[in-house]
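What follows is a short report on a single structure.
Residue numbers start from 1 in every chain, and the chains themselves are labelled A, B, ... in the order their sequence lines are given, proteins ahead of strands. As the structure is a computational prediction, the values presented were derived from the model and not from experiment.
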Amino acid sequence: MSSRHILTAPAWPYANGPRHIGHVSGFALPADMFSRYQRMAGNKVLMVSGTDEHGTPIQVQADKEGVSARELADRYNRVIAQDLHGLGMTYDLFTRTTTRNHHAVAQEIFKGLHDNGYVFEKKTMGAISPSTGRTLPDRYIEGTCPICGYDGARGDQCDNCGNQLDPIDLINPRSRINGEKPKFVETEHFFLDLPAFSETLGSWLQGKEGLWRPNVYKFTRNLLDEMRPRPISRDLDWGVPVPLPGWVDRPDKRLYVWFDAVVGYLSASVEWARRSGDPDAWRAWWQNPDAETYYFMGKDNIVFHAEIWPAMLLGYNGEGDKGGTPGSLGKLNLPTEVVSSEFLTMEGKKFSSSRQVVIYVRDFLERYDVDALRYYIAVAGPENQDTDFTWSEFVRRNNDELVAAWGNLVNRSVSFAAKNIGEIPAAGELTDLDRDVLERSRKAFDAVGAELSRSRFKNAANEAMRTVAEANKYLSEQSPWKLKNDDPERMKTILHVALQLVDDAKSLLTPFLPASSEKVHRMLGGQEEWSGAPEIREVSEDGGPDYPVLTGSYDTQARWESRPIAAGTPLAPPKPLFAKLDSSVVDEELARLEQS
RNA sequence: GGGGCGGUAGCUCAGCCGGUUAGAGCAGGGGACUCAUAAUCCCUUGGUCGUGGGUUCGAGUCCCACCCGCCCUACCA
């Protein structure tokens with residue numbers, strides 16, 4: 001098996017509040033399942049991300065709470081890092097955008113684009129808040145729609161008639177933040193010249209047809225059909241300074257937050273390399289033409305990952321219509337695949353923090369197993385279409401599939417062997433049927449692996465669970481408990497085969513259920529760590545304040561293959577793998593949702 | 001307005017380039033077993049594949065129109 005370099009790039013959660021399970025179903029869990037599989041398959045995975053901490057919404061939220069933007073970002077950076085830790089997200093580095101390193105890399109990308117001529121300056125009319133002097137984004141302005149007369153129209157679009165609007169045309173415009181009348185002033189900003197990448201991006205995308213999920217491919221193709229220049233700076237003081245003479249010292253101009261956020265994948269890779277002791281190590285994932293890069297996000301982020309970030313990379317490389325030369329970091333790889341999820345809804349409704357239609361990661365993990373959530377998202381998540389999370393389906397999946405099928409398989413086989421033999425028995429002569437079932441189990445690694453490598457988690461999880469069903473069937477049909485007296489040798493062989501099937505299933509399920517696979521691994525006598533788990537570490541940048549990062553060494557025993565179990569390994573009576581949920585939790589959780 | 005996705009058994013969903021009697025899990029019905037968190041295993045009821053046209057020897061599977069639902073729409077990170 002050749003070892004490939006694979007960069008996994010989960011989208012950067014925005015640090016204006018805690019994240020809910022809809023968020024993590026899009027960017028986090030798919031990325032982690034993918035990465036865990038790739039590591040087990042022997043590939044060199046680098047998974048980096050962090051919290052996205054700049055921009056107007058953070059500033060607005062901070063103002064509302066009466067704290068500084070920095071304080072707000074600090075708080076939610078920590079909360080989100082803890083949540084992702086709780087989910088078992090095996091980041092090589094989860095950092096943040098407020099580091100000096102990130103600022104420097106974001107500025108370097110800007111400068112590279114500027115040097116190659118892909119960035120231009122332009123004066124526009126923009127709305128600012130008279131009291132703060134900050135840009136007032138269109139969606140923060142409301143007023144009367146000039147087309148239909150609806151009074152609650154937003155600056156960017158009227159919710160009543162659906163027309164796109166220009167905020168300057170609104171009748172009676174007012175700020176949704178504090179009600180004041182916005183001032184429209186001339187302001188100058190930098191724009192990214194997206195049309196200059198129309199051709200190169202088009203041919204780049206063409207090679208992706210059939211490889212990407214069809215909806216992502218189609219959506220991106222439409223995006224590329226009409227590209228317009230996009231502003232990449234804002235009137236704001238919370239963000240990365242524009243690194244040009246005459247700009248860099250201005251307190252009122254910053255890079256637009258999306259611009260610095262997408263650079264995070266690169267800056268985090270650089271930070272990871274520095275922390276790992278080999279400052280150039282990141283290049284193996286960014287400059288090796290054979291390296292593969294996979295970006296994971298919700299569908300609202302496709303535009304940034306499939307259009308704008310690739311354009312930025314092309315421009316930095318000097319590969320747009322205007323040519324140019326690579327910047328000081330060198331030529332950088334474009335995305336191999338943009339893996340986008342659709343949206344999760346909550347009991348039929350859109351997630352909404354303000355309306356309490358929400359379950360935050362932290363609250364979820366306080367009450368339920370992390371693997372129960374991971375499993376649900378894998379098998380019933382919004383992979384190809386919007387999908388509804390319901391508590392009754394969650395309880396059912398947990399009880400029927402995790403507890404009754406997989407947990408029970410582990411329990412019945414291990415406890416029977418423990419009670420009657422006390423160790424993993426040796427196999428005697430195998431029947432054809434034994435050989436068949438073992439062979440099918442071995443082949444499942446190819447089938448499940450093929451699905452995982454293409455981010456088809458539903459198929460992958462279902463395929464893995466099929467081996468669990470096969471093992472349950474094998475045990476029932478062979479009924480080793482009937483052979484205790486008549487044929488103890490055959491009984492041992494059956495148990496050996498069954499335990500081998502359990503061990504295989506444990507491996508197949510590791511990307512989805514790392515915590516419980518670890519338990520099964522130990523039950524079967526494993527002494528070394530199996531699944532691997534992230535840790536939170538406090539770090540700083542030479543002399544700066546501490547901040548938490550997620551990191552870890554994921555160089556474990558786990559391999560994507562059937563590994564023979566060792567006869568003679570002592571077995572103890574097991575404890576149940578998963579907790580069965582009483583049906584009353586459905587009512588309890590629904591009551592919580594209705595409390596608002 | 002433009003774009004995308006979906007409408008397949010009571011429920012949640014699979015069905016790739018069109019091809020034998022349309023599948024799975026759950027729920028429902030019947031049976032077996034007792035190792036196991038009453039878990040497991042076997043058998044079984046159940047569908048005019050949103051509607052109407054069309055292409056084809058043959059269409060959930062391609063084309064057109066329509067109905068319904070959801071999402072995106074680029075100064076929203």
Side-chain angles (χ1 to χ4, degrees), chain A residues 11-16 51-58 97 124 126-127 135-141 154-157 161-164 166-167 189 194 210 214-216 218-223 225-228 230-235 256-262 297-304 307-308 342-343 345 348 350 379-380 382 384-388 390 392-393 396-397 399-401 403-405 407-420 458-459 462 465-466 469 471-477 479-482 484 491 495 498 574-580:
Chain A
W12 290 54
Y14 197 57
N16 65 342
T51 41
D52 177 5
E53 304 183 7
H54 296 308
T56 307
I58 298 251
T97 56
T124 60
T135 297
L136 205 49
D138 289 359
R139 67 181 196 126
Y140 283 116
I141 302 170
R154 292 189 327 233
D156 55 345
Q157 182 175 20
C161 65
N163 282 293
Q164 277 186 45
D166 192 321
H189 282 293
L194 284 172
N215 47 352
V216 182
K218 277 187 221 167
F219 187 87
T220 305
R221 201 179 50 197
N222 285 324
L223 285 176
D225 281 346
E226 24 173 338
M227 292 201 287
R228 294 181 210 161
R230 257 184 101 120
I232 56 177
S233 58
R234 296 279 80 180
D235 295 298
Y256 204 156
V257 55
W258 63 258
F259 183 94
D260 87 76
V262 291
M297 75 218 65
K299 63 179 163 186
D300 53 335
N301 260 301
I302 293 176
V303 62
F304 295 102
E307 178 192 1
I308 298 176
E342 304 292 303
F343 284 159
T345 53
K350 212 174 155 171
V379 82
N384 297 307
Q385 56 183 294
D386 290 351
T387 301
D388 197 27
T390 65
S392 66
E393 181 71 357
R396 188 195 71 70
R397 294 263 185 198
N399 289 353
D400 289 355
E401 297 175 17
V403 176
N408 182 50
L409 170 67
V410 174
N411 215 35
R412 68 195 297 214
S413 52
V414 175
S415 71
F416 187 82
K419 282 179 199 164
N420 291 282
K458 263 179 219 263
N459 283 352
N462 283 324
M465 287 302 278
R466 209 160 295 160
N472 268 323
K473 177 177 175 162
Y474 173 82
L475 266 182
S476 293
E477 284 177 350
S479 306
W481 46 90
K482 288 181 180 165
K484 255 188 263 190
M491 180 187 81
L495 281 174
K575 292 196 184 99
L577 204 51
F578 302 102
K580 186 166 176 174

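Of the two residues contacting RNA chain B, namely A:F343 and A:T56, the nearest-nucleotide position lying further toward the 5' end is that of A:F343. The 5' end of RNA chain B is approached more closely, in terms of each residue's nearest nucleotide, by A:R396 than by the other of A:R396 and A:L223.
No engagement by A:H189 is indicated, since no non-hydrogen atom pair under 4.0 Å with the nucleic acid exists. As judged by a 4.0 angstrom heavy-atom cut-off over every strand, A:E401 is placed among residues touching the sugar-phosphate backbone only. Counting non-hydrogen atoms under 4.0 angstrom, A:P57 reaches the backbone sugars and phosphates but no base. If you check every strand for non-hydrogen atoms under 4.0 Å, A:F578 touches a base. Note on A:L577: a base of the nucleic acid sits closer than 4.0 angstrom, heavy atoms only. Contact annotation for A:A261: no contact, since no heavy-atom pair falls under 4.0 Å across all strands.
The pairing partner recorded for B:U40 is B:A32, the criterion being a Watson-Crick or G-U wobble arrangement whose two distances lie under 3.5 angstrom. For B:U21, there is no paired base (Watson-Crick or G-U wobble, both distances below 3.5 Å). Summarising the base pairing, B:C26 is matched to B:G10 through a Watson-Crick or G-U wobble pair whose two defining distances lie under 3.5 Å. Base pairing annotation: B:G69 forms a Watson-Crick or G-U wobble pair with B:C5, both donor-acceptor distances under 3.5 Å.
If you take OH of A:Y474 and P of B:C42, they are 15 Å apart, rounded to a whole angstrom. Here B:C70 presents its C1' atom at 10 Å from CD of A:E342, a figure rounded to the nearest Å. Atoms CG (A:D300) and C1' (B:G4) sit 14 Å apart, rounded to a whole Å. As rounded to whole Å, 17 Å separates atom P of B:G3 from atom CD1 of A:I302. One atom, CD of A:E477, and another, C1' of B:C42, lie 9 Å apart when rounded to the nearest Å. Between A:Y14 atom OH and B:C76 atom C1' there is a gap of 10 Å when expressed in whole angstrom units.
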For nucleotides 10-16 of chain B, tabulate all protein N/O to nucleotide N/O atom pairs closer than 3.5 Å, reporting atom names and distance.
from, atom 1, to, atom 2, distance (Å)
B:A14, OP1, A:Q385, NE2, 3.0

Scan nucleotides 32-36 of chain B against the protein and return all N/O pairs shorter than 3.5 Å with their distances rounded to 0.1 Å.
from, atom 1, to, atom 2, distance (Å)
B:C35, O2', A:R412, O, 3.4
B:C35, O2, A:R412, NE, 3.1
B:C35, N3, A:R412, NE, 3.4
B:C35, N3, A:R412, NH2, 2.7
B:C35, N4, A:R412, NH2, 3.2
B:A36, OP1, A:K419, NZ, 2.8
B:A36, O3', A:N411, ND2, 3.1
B:A36, O2', A:N408, OD1, 2.8
B:A36, O2', A:N411, ND2, 3.3
B:A36, N3, A:N408, OD1, 3.3
B:A36, N3, A:N408, ND2, 3.2
B:A36, N3, A:R412, NE, 3.3

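Under the rule for a side-chain contact (heavy atoms from CB on, under 4.5 Å), the partners of A:V410 that lie at least two apart in sequence or sit in another chain are A:W406, A:V414, A:V502, A:V520, A:M523, A:L577.
Taking only side-chain nitrogens and oxygens, A:K218 comes nearer than 4.0 Å to OP1 or OP2 of B:C5. The phosphate of B:C5 (OP1 or OP2) has no side-chain N or O of A:K299 nearer than 4.0 angstrom. Within the 4.0 Å cut-off from OP1 or OP2 of B:A39, at least one side-chain nitrogen or oxygen of A:K580 is found.
Looking at A:D388 and A:E393, their side chains never come closer than 4.5 Å, going by heavy atoms from C-beta outward. Proximity of A:M491 to A:F416: side-chain heavy atoms (C-beta onward) are separated by under 4.5 Å at one or more points.
Of the possible polar contacts, none joining the A:H54 side chain to the A:V257 backbone as a donor-acceptor pair under 3.5 Å is found. Under the 3.5 Å distance criterion, the side-chain polar atoms of A:T97 are matched with a main-chain donor or acceptor of A:E53.
Closest non-hydrogen pair, A:P382 versus A:F343, comes out as CB-O, 3.4 Å. Nearest heavy-atom pair, A:K458 versus A:V379, reported as atom, atom and distance to 0.1 Å: CG-O, 3.3 Å.
The gap from the C1' atom of B:C5 to that of B:C13 amounts to 15 Å, rounded to the nearest Å.
Using a 4.0 Å cut-off between charged side-chain N and carboxylate O, A:D386 and A:K299 make a salt bridge.
In this structure B:G60 sits in the syn conformation; its chi angle is within 90° of 0.
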